[in-house]
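To keep things clear, I will list the structure first and then write my remarks on it.
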Amino acid sequence: MSLSVTDSQQYYINELVIVSKIGNIDIVPIFSEINIYDSVYISNMSGNIVIDDSTGLSSKLLFDGSETLLLDMCKSKGSEIGQIKKAFRIYKQSNRVSEGESKEKYVLNFVSDEFIFSDQQRVNQSYRMPYVNMVERILIDYLKVPPSNLGGIYEQTAGVRDVIIPNLKPIEAIKWLTRKSVNMDNSPSFLFFQNIIGYNFVSLSKLLSEPDILDVRFETKNKNQKGNSFDEMSTARSYEVVGQNDIIKKTRSGVNAGTFIGFDPITRMISRRKLSYLDHYENMKHSNKTPNFSAYENKDGILNSAMYDSRIVLDTFSTARQLSNYVKTHDPESLTYGTRTEDYAFQRKAIFENLNSKRIKLVMPGNFQLSSGFNVNLNIPTFGEKDKNEENRDVSLSGKYMIVGTRHIINKDQHETIIEVASTTSELDAIITNTKDQTEALDTYQ
């Protein structure tokens, strides 16, 4: 099916309908703005729609939480390319103000129905299976997720685990399982989120290794010259660096180094495990060639990757049970099916702080395919004077990034997409290290 684009910010509404107690109501004539949100850190898509109401719709419907919003939009009429087609539950009316005697404005807030359904029940269930299968069972058995929302990415988790869900809401239970899951490379970087293709249960490692869906351009358009609309769709309107190597956050989160202290209440053993940057970096796949790591020596001449008191995590652990004859005799199944906190309790926070240390926000022409979890490639130009044959490319910012959050803004005239992207790596040639002069300057400058 062809896609005809005359304006990079154009869109076409196939359907925008409220399903109410009094029937289906077309709200295309009365909406003024739609916002749709998704993020790899949030389980469900959500949004809001601003209504300019001169028909008394609010008093007729009451908006008591029973209304459904049907949203079907694409880039151009008759095309399925760049399409979003989803049903949401309207859960709240807010910001209701009058504008004269015959008109009022208000906001209808909506979210995926599974989020509301999850708040109405609890999971009290035991499972013995891989974590990914537990997640699938909760989605199907408890949240009754339709096939249209099960089209996301589901990655196999390592090991078969014996788990009793401790009276949690279904989405809380999935998040609890997500924090415990490791992939086949022993990386505890799983995420659970909903994007344009459905629900996803997948590791950050796998997402970062997927191919990019768009080369983002940073070119100034000549307003007096008619450009190619397809090229314009890949051209960023603007960008902002919102995170770049905060060494305090990295230190406190254990990105560079830290210690896991494990205690086993059965064998009464205590173990200390020192962890450095490579302990969570090397068992993952990444987008670019060089880690987001800056090596520097402190006043004692010790590298930051060897300062193991930067962060300390205390938790139970099970490794010691592998050596216990008592456990082998009386509870051998726990050796096979037990959860290993030592694989994730320290590492998860370090992994995601490392990702968030390099974030860029981009304003793009409207494109529903720019959704959380997908990758884009950035070629950001440099500022200032350049040599004649020097490439106009900022290697400290350019490279492959993953979309961690998206906001679609649709008003009467245009559709824009704001994405926030992040990466664990860069295209620098080597890891940055401090110099002897930098270290001495801190001690000698008076």
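Given the structure is predicted, the values throughout are model-derived calculations rather than measurements.
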Counting only N and O atoms by type, is there a donor-acceptor contact under 3.5 Å from the side chain of D185 to the main-chain atoms of S187? no
Short side-chain donor-acceptor distance under 3.5 Å, Y296 and T435: no
Decide, yes or no, whether a salt bridge links E342 with R273 under the criterion of side-chain N to carboxylate O below 4.0 Å. no
Which residues share a salt bridge (charged side-chain N to carboxylate O under 4.0 Å, His left out) with K21, sequence neighbours left out: D64, E67
Anything under 30° is parallel, anything over 60° is perpendicular, the rest tilted; go ahead and classify H408 against F368. tilted
I'd like to know if the side chain of S102 and the backbone of S54 have a donor-acceptor N/O pair within less than 3.5 Å. no
Under a 4.5 Å cut-off applied to non-hydrogen side-chain atoms, are R161 and M129 in contact? no
Any side-chain heavy atom of F190 sitting closer than 4.5 Å to one from N183? yes
Under a 4.5 Å cut-off applied to non-hydrogen side-chain atoms, are S76 and Q10 in contact? yes
How about Y401 and N375: do any of their side-chain heavy atoms sit closer than 4.5 Å? no
Strictly distance-based, threshold 3.5 Å: is any side-chain N or O of Q121 a donor or acceptor partner for the main-chain N or O of Y142? yes
Test side-chain hydrogen bond (donor to acceptor under 3.5 Å, both in side chains) applied to N245 and K358, step by step: CA-CA 6 Å; N245 201 29; K358 188 177 181 183; over 6 Å; no
Should the pair H415 and Y11 be assigned to parallel (<30°), tilted (30 to 60°) or perpendicular (>60°) ring geometry? perpendicular
Look only at the side chain of S310 and the backbone of M307, and say whether a donor-acceptor pair between them is shorter than 3.5 Å. yes
Is there a donor-acceptor pair closer than 3.5 Å between any side-chain N or O of N411 and the backbone N or O of D413? yes
Are L177 and I138 packed together at the side-chain level, in the sense that at least one heavy-atom pair is separated by less than 4.5 angstrom? yes
No-hydrogen, no-angle side-chain donor-acceptor test under 3.5 Å, S372 and D38: yes
Nearest heavy-atom contact between V132 and Y154 is CG2-CB, 4.2 Å
Could you tell me whether the side chains of N35 and R407 share a donor-acceptor contact shorter than 3.5 Å? yes
Under 3.5 Å donor-acceptor, S39 side chain and V404 backbone: yes
Is it the case that atom CZ in R252 sees more than 12 heavy atoms from other parts of the structure closer than 6.0 Å? no
Is any NZ, NE, NH1 or NH2 atom of the basic residue among D72 and K86 found under 4.0 Å from an Asp or Glu carboxylate oxygen of the other? no
Does the side chain of E136 reach to within under 4.5 Å of the side chain of L139, using non-hydrogen atoms? no
A side-chain contact here means heavy atoms from C-beta on lying under 4.5 Å apart; do I90 and I18 qualify? yes
For a quick test of your reading: what N or O donor-acceptor pairs under 3.5 Å do the side chains of residues 199-206 make, sequence neighbours left out?
{"unit_1": "Y199", "atom_1": "OH", "unit_2": "N44", "atom_2": "ND2", "d": "2.7"}
{"unit_1": "Y199", "atom_1": "OH", "unit_2": "E114", "atom_2": "OE1", "d": "2.8"}
{"unit_1": "N200", "atom_1": "OD1", "unit_2": "I153", "atom_2": "N", "d": "2.8"}
{"unit_1": "N200", "atom_1": "ND2", "unit_2": "F193", "atom_2": "O", "d": "3.3"}
{"unit_1": "N200", "atom_1": "ND2", "unit_2": "N195", "atom_2": "OD1", "d": "3.1"}
{"unit_1": "N200", "atom_1": "ND2", "unit_2": "G198", "atom_2": "O", "d": "2.9"}
{"unit_1": "S203", "atom_1": "OG", "unit_2": "E155", "atom_2": "OE1", "d": "2.7"}
{"unit_1": "S203", "atom_1": "OG", "unit_2": "E155", "atom_2": "OE2", "d": "3.3"}
{"unit_1": "S203", "atom_1": "OG", "unit_2": "K206", "atom_2": "N", "d": "3.1"}
{"unit_1": "S205", "atom_1": "OG", "unit_2": "K285", "atom_2": "N", "d": "2.8"}
{"unit_1": "K206", "atom_1": "NZ", "unit_2": "E210", "atom_2": "OE2", "d": "3.4"}

Chi angles and distances behind the side-chain hydrogen bond (donor to acceptor under 3.5 Å, both in side chains) call for Q194, S112: CA-CA 9 Å; Q194 184 187 26; S112 298; 2.6 Å; yes
Whether N109 side chain and Y91 backbone form a donor-acceptor pair below 3.5 Å: no
Salt-bridge contact K169-D119 (side-chain N to carboxylate O under 4.0 Å): yes
Do you know which two heavy atoms are closest between I171 and S43, and how far apart they sit? CG2-OG, 3.6 Å
At their closest point, which heavy atom of M45 faces which heavy atom of I196, and how far apart are they? SD-N, 4.3 Å
When you check the side-chain N and O atoms of H286 and T424, is any donor under 3.5 Å from an acceptor? yes
Establish, yes or no, whether a centroid distance under 6.0 Å links the rings of F346 and F260. no
Is it the case that atom OH in Y127 sees more than 12 heavy atoms from other parts of the structure closer than 6.0 Å? yes
Quick one: does any side-chain atom of S98 pair with a main-chain N or O of G100 as donor and acceptor, under 3.5 Å? no
State whether the number of non-hydrogen atoms from other residues, nucleotides or ligands found under 6.0 Å of K289 atom NZ is greater than 12. yes
For S294 against N304, the heavy-atom pair lying closest together: O-ND2, 2.9 Å
So, the side chain of H280 versus the backbone of V255: is there a donor-acceptor pair under 3.5 Å, distance only? yes
Is it true that D215 and N377 share a donor-acceptor pair across their side chains at a distance under 3.5 Å? yes
Check whether any side-chain heavy atom of L16 sits under 4.5 Å from a side-chain heavy atom of L69, and report yes or no. yes
Say whether N167 and R122, considering side chains only, have a donor N or O and an acceptor N or O under 3.5 Å apart. no
Taking every heavy atom of Y344 against every heavy atom of T339, the minimum-distance pair comes out as OH-CG2, 3.5 Å
Assess, by modelled atom type and distance only, whether the side chains of N356 and Y41 contain a donor and an acceptor separated by less than 3.5 Å. yes
Could you report the tightest heavy-atom contact between S58 and Q93, atom names first, then the distance? OG-NE2, 2.9 Å
Please check if any side-chain donor atom of N392 sits under 3.5 Å from a side-chain acceptor atom of T382, or the reverse. yes
Any donor-acceptor pair under 3.5 Å linking the side chain of R311 with the backbone of A257? no
Quick check: are there more than 12 heavy atoms from other residues, nucleotides or ligands sitting under 6.0 Å from CD1 of I164? no
Carefully, step by step, assess T55 and D53 under the rule side-chain hydrogen bond (donor to acceptor under 3.5 Å, both in side chains). CA-CA 6 Å; T55 63; D53 185 7; 2.9 Å; yes
Measure from NZ or CZ of K412 to the centre of the six-membered ring of F31 and say whether it is under 6.0 Å with the direction within 45° of the ring axis. yes
Under the salt bridge (Lys or Arg N to Asp or Glu O under 4.0 Å) rule, what do K249 and E353 come out as? Steps first, then yes or no, please. CA-CA 8 Å; K249 283 187 176 181; E353 183 56 47; 5.3 Å; no
Residues K400, D212: salt bridge by 4.0 Å N-O rule: no
